[in-house]
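All remarks here apply to the structure that follows.
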Amino acid sequence: MDLDALDDTATGGQPASLGSGALPRLLMRAGNDVLLGAALQRNELRLLYQPLVSLQDGGIASVEALLRWQHPEQGLITAADFVPQAEAAGLMAMLDEWALRQACADLARWLAALAKDRPASDAPAPAVRVSVNIAPDRLRDARFPALVHSLLQEHGLAAAGLMLELTEAALLPDAGASLHALHELKALGVQLVLDDFGTGSSSLGNPKRFPFDYVKIDCSFIRDVVSDHGDAALCKTIIAMAHHLGLKVVAEGVENSAQCDFLRRNMCDLIQGYVFSPPVDQGAILTLLAEQRCLPPELRRIQRQQRSLLLVDDEPNILAALKRLLRRDDYTIHTAASGPEGLEILARHPVDVIVSDQRMPGMIGADFLRKAKDLYPDTIRIMLSGYTELQSVTDAVNEGAIYKFLTKPWDDERLRGHVAQAFRLKEVNDENERLNLELRSASQELAAANRRMEELLQQKQQQISRSEISLNVAREVLQHLPLPVIGMDDSGLLAFANSAAAHLLGPGATLLGNEAVQALPELFPPGAGESAAPAPHAELCIGGARHAVVVYPMGGLSSSRGSLITISRCLGPA
């Protein structure tokens with residue numbers, strides 16, 4: 001069981017928790033199996049749900065089920081406080097089955113309610129999936145795929161509506177058995193999610209080897225992704241690797257717009273976290289679905305937004321003059337009196353162009369623009385100053401931190417022209433990024449389609465292999481039958497004769513490859529053509545003895561075609 005995924009703290013919340021080991025001590029005193037079993041009987045377990053939101057269109061794509069215990073004395077308890085004890089007591093199969101059954105029932109209720117509230121003339125109800133964490137040892141339970149199948153049928157759900165999340169710990173004990181179990185689940189049509197990728201015993205080969213549909217980036221890499229170059233590089237690498245393998249990527253623990261914007265720009269597919277919604281009960285999820293709640297447009301993958309300008313200067317009169325001059329050009333204008341204040345604005349608002357003074361207390365303009373370049377490389381940065389500290393400005397220009405250096409006092413029209421030119425450059429860059437995102441999206445979809453085709457081909461090859469084995473077994477059985485048996489294909493050609501038939505008809509009989517109507521004319525009405533069907537019963541005289549011939553058409557209980565013909569000697573005189 002994935003504790004991080006089940007705990008609100010993984011997505012920035014403040015869940016109720018006993019702390020200091022109070023619940024573990026309580027469990028140890030009362031007995032894990034007794035207390036948790038009683039919790040099930042008293043209906044104290046709960047599922048909360050947290051949406052997973054598409055960065056492509058901003059809509060809810062699925063919801064993850066998060067296990068809770070509504071303790072009568074301690075209140076709502078997170079999974080991290082009782083799942084380890086449940087694992088130690090061998091109760092995870094029971095908890096997993098309860099959570100899976102409850103999640104399927106809730107999904108069925110949501111779909112029914114959404115369909116009822118939308119007349120046939122309206123747009124179709126939004127599609128939604130439910131994602132359930134499963135314990136590692138469930139892959140070693142041969143009955144688990146059958147349980148999943150029965151629950152889907154019981155609640156009338158399409159298999160594609162269910163996602164199963166598991167960590168790489170589930171794959172470690174027996175990779176071969178895990179692979180077999182995952183293929184069985186995939187054959188049902190459910191979606192598979194590799195959770196907490198990048199932590200613990202992660203292996204870069206697992207997303208390729210095992211048939212997952214999604215990879216989840218652990219929240220520990222998302223927390224500082226905007227400010228930590230290492231976390232940013234790891235997230236970009238995981239996203240690129242997953243997309244090349246035809247997998248989609250979910251980032252969990254997304255708490256603010258800056259994290260979401262980073263993930264949007266780097267082609268992450270889905271986000272999960274407080275930036276959109278905390279975990280809520282099943283009624284609140286239905287409300288979100290019915291309202292078709294979405295991310296704001298500026299946080300979606302492909303977007304067009306209003307031009308935004310940031311002015312940074314420590315002199316209030318300069319800021320006021322610049323704002324009066326530039327607001328006629330219909331920009332959204334933000335102002336800051338220092339470099340640190342400017343960085344705070346950049347963290348809260350999308351900005352296209354920055355115009356900054358050089359000589360400011362605390363942080364000079366060159367250092368501010370360097371920092372802005374590192375954190376927000378897509379911005380276009382202009383320095384407007386009456387002072388020229390040559391070395392720092394030259395260094396900033398050479399490092400790419402400054403697009404243009406303009407001097408005070410300025411010419412109004414020339415300054416407006418330079419700012420407009422900066423916005424045009426930003427729009428060209430944005431259009432290139434948009435085209436690049438569309439190309440990468442198309443490539444990702446192609447890679448995903450290739451992966452699905454490879455999985456389907458593998459399934460077909462396995463099916464063909466099993467069919468060939470079954471056919472060979474059937475041939476061998478028929479060969480050893482003492483009863484003469486002849487096989488006829490659906491075009492009327494004789495394709496098989498066992499050893500008893502060859503012995504009965506004699507070495508001179510030529511059956512295989514001949515048309516049945518010619519080799520065994522007694523089976524067909526007089527003058528029958530090549531396409532005529534044989535009579536179900538007939539007699540042959542072989543070696544002076546009468547033989548009964550029975551024709552068994554195939555295909556009633558399988559996809560087989562043709563007929564089996566048996567020959568048995570009749571009792572009595574010829």
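By convention here, the first residue in the shown sequence is residue 1.
Counting non-hydrogen atoms of other residues, nucleotides and ligands closer than 6.0 Å to NZ of K323 gives a total of 12 or fewer.
Side-chain N or O atoms of Q358 include one that pairs as donor or acceptor with a backbone N or O of A366 at under 3.5 Å. With hydrogens and angles ignored, the 3.5 Å screen pairs a side-chain donor or acceptor of Q259 with a backbone N or O of R223. Between the S54 side chain and the Q56 main chain, a donor and an acceptor come within less than 3.5 Å of each other. The backbone N or O of A135 lies less than 3.5 Å from a partner atom in the side chain of D96, making a donor-acceptor pair. Between the side chain of D196 and the backbone N or O of D218, no donor-acceptor pair lies under 3.5 Å. Listed for the Q102 side chain is no donor-acceptor partner under 3.5 Å among the backbone atoms of A99. No donor-acceptor pair closer than 3.5 Å links the side chain of W410 to the backbone N or O of R416. Side-chain atoms of R300 come within 3.5 Å of backbone atoms of L295 as a donor-acceptor pair (strictly under, hydrogens ignored). For the pair R264 (side chain) and L299 (backbone), a donor-acceptor distance under 3.5 Å is absent.
Counting heavy atoms from C-beta outward, L182 and L171 have side chains that approach closer than 4.5 Å. Annotation: side chain of F368 is in contact with side chain of L343 (closest heavy-atom distance under 4.5 Å). In this structure the side chain of R293 never reaches within 4.5 angstrom of the side chain of T287, judged on heavy atoms. Counting heavy atoms from C-beta outward, D269 and Y214 have side chains that stay 4.5 Å or more apart. Between F212 and L166 there is a side-chain heavy-atom pair separated by less than 4.5 Å. F276 has its side chain out of reach of Q50: every pair of non-hydrogen atoms, C-beta onward, lies at least 4.5 Å apart. Counting heavy atoms from C-beta outward, I222 and L263 have side chains that approach closer than 4.5 Å. You'll find the side chain of L326 reaches within 4.5 Å of the side chain of L309, heavy atoms only.
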Practice task
Run the numbers on R129 and L52 for side chain to side chain contact (heavy atoms under 4.5 Å, CB included), then give the verdict.
Solution key: CA-CA 9 Å; R129 295 170 175 166; L52 279 69; over 6 Å; no
Exercise for the section: Step by step, work out the side chain to side chain contact (heavy atoms under 4.5 Å, CB included) result for L192 and K186. Expected result: CA-CA 8 Å; L192 300 176; K186 283 288 290 182; 3.5 Å; yes
Exercise for the section: Let me see the working for L179 and H183 under side chain to side chain contact (heavy atoms under 4.5 Å, CB included), right down to the final yes or no. Expected result: CA-CA 6 Å; L179 182 62; H183 277 302; 3.5 Å; yes
Practice task
Given side chain to side chain contact (heavy atoms under 4.5 Å, CB included), test K373 with Y403 step by step and report yes or no.
Solution key: CA-CA 11 Å; K373 173 182 178 291; Y403 164 63; over 6 Å; no
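T379 contributes atom OG1, which lies 8.0 Å from atom CG of L369 (distance to the nearest 0.5 angstrom). The CD1 atom of I285 sits 11.5 Å away from atom CG of L47, with the distance rounded to the nearest 0.5 Å. With rounding to the nearest 0.5 Å, the separation of CD in E291 from CG in L286 is 10.0 Å. Here SG of C104 is found 4.5 Å from CG of L100. Values are rounded to the nearest 0.5 Å. The CG atom of D411 lies 9.0 Å from the NE2 atom of H418; values are rounded to the nearest 0.5 Å. Within the model, atoms CG of L107 and OH of Y49 stand 8.5 Å from one another, a figure rounded to the nearest 0.5 Å.
Using cut-offs of 30° and 60° for the angle between ring planes, the H334 and H349 rings count as parallel.
In this structure, L310 and G342 approach most closely via the heavy-atom pair CD2-O, 3.9 Å. The two atoms that bring I382 and A422 nearest to each other are CD1-CB, 3.9 Å, heavy atoms only. In terms of heavy atoms, C268 sits closest to V249 at SG-O, 3.6 Å. Here the closest non-hydrogen pair linking D352 and R307 is OD2-CA, 3.3 Å. Nearest heavy-atom pair across A103 and V130 is CB-CG2, 3.9 Å. The two residues V225 and F221 have their closest heavy-atom pair at CB-O, 3.6 Å.
The only option from Q272, E64, K216, E165 that meets the side chain to side chain donor-acceptor pair (under 3.5 Å) definition with S131 turns out to be E165.
Between D412 and R328 there is no salt bridge, since no side-chain N of the basic residue sits under 4.0 Å from a carboxylate O of the acidic one. Looking at D281 and R46, no side-chain N of the basic residue comes within less than 4.0 Å of a carboxylate O on the acidic one, giving no salt bridge. Contact check on D261 versus R265 returns a salt bridge, with a Lys/Arg side-chain nitrogen under 4.0 Å from an Asp/Glu carboxylate oxygen. Salt bridge R424/E427: absent, no basic N to carboxylate O contact under 4.0 Å.
Remark: the N450 side chain and the E454 side chain contain no N/O donor-acceptor pair separated by less than 3.5 Å. D374 and H229 share no side-chain donor-acceptor pair at under 3.5 Å.
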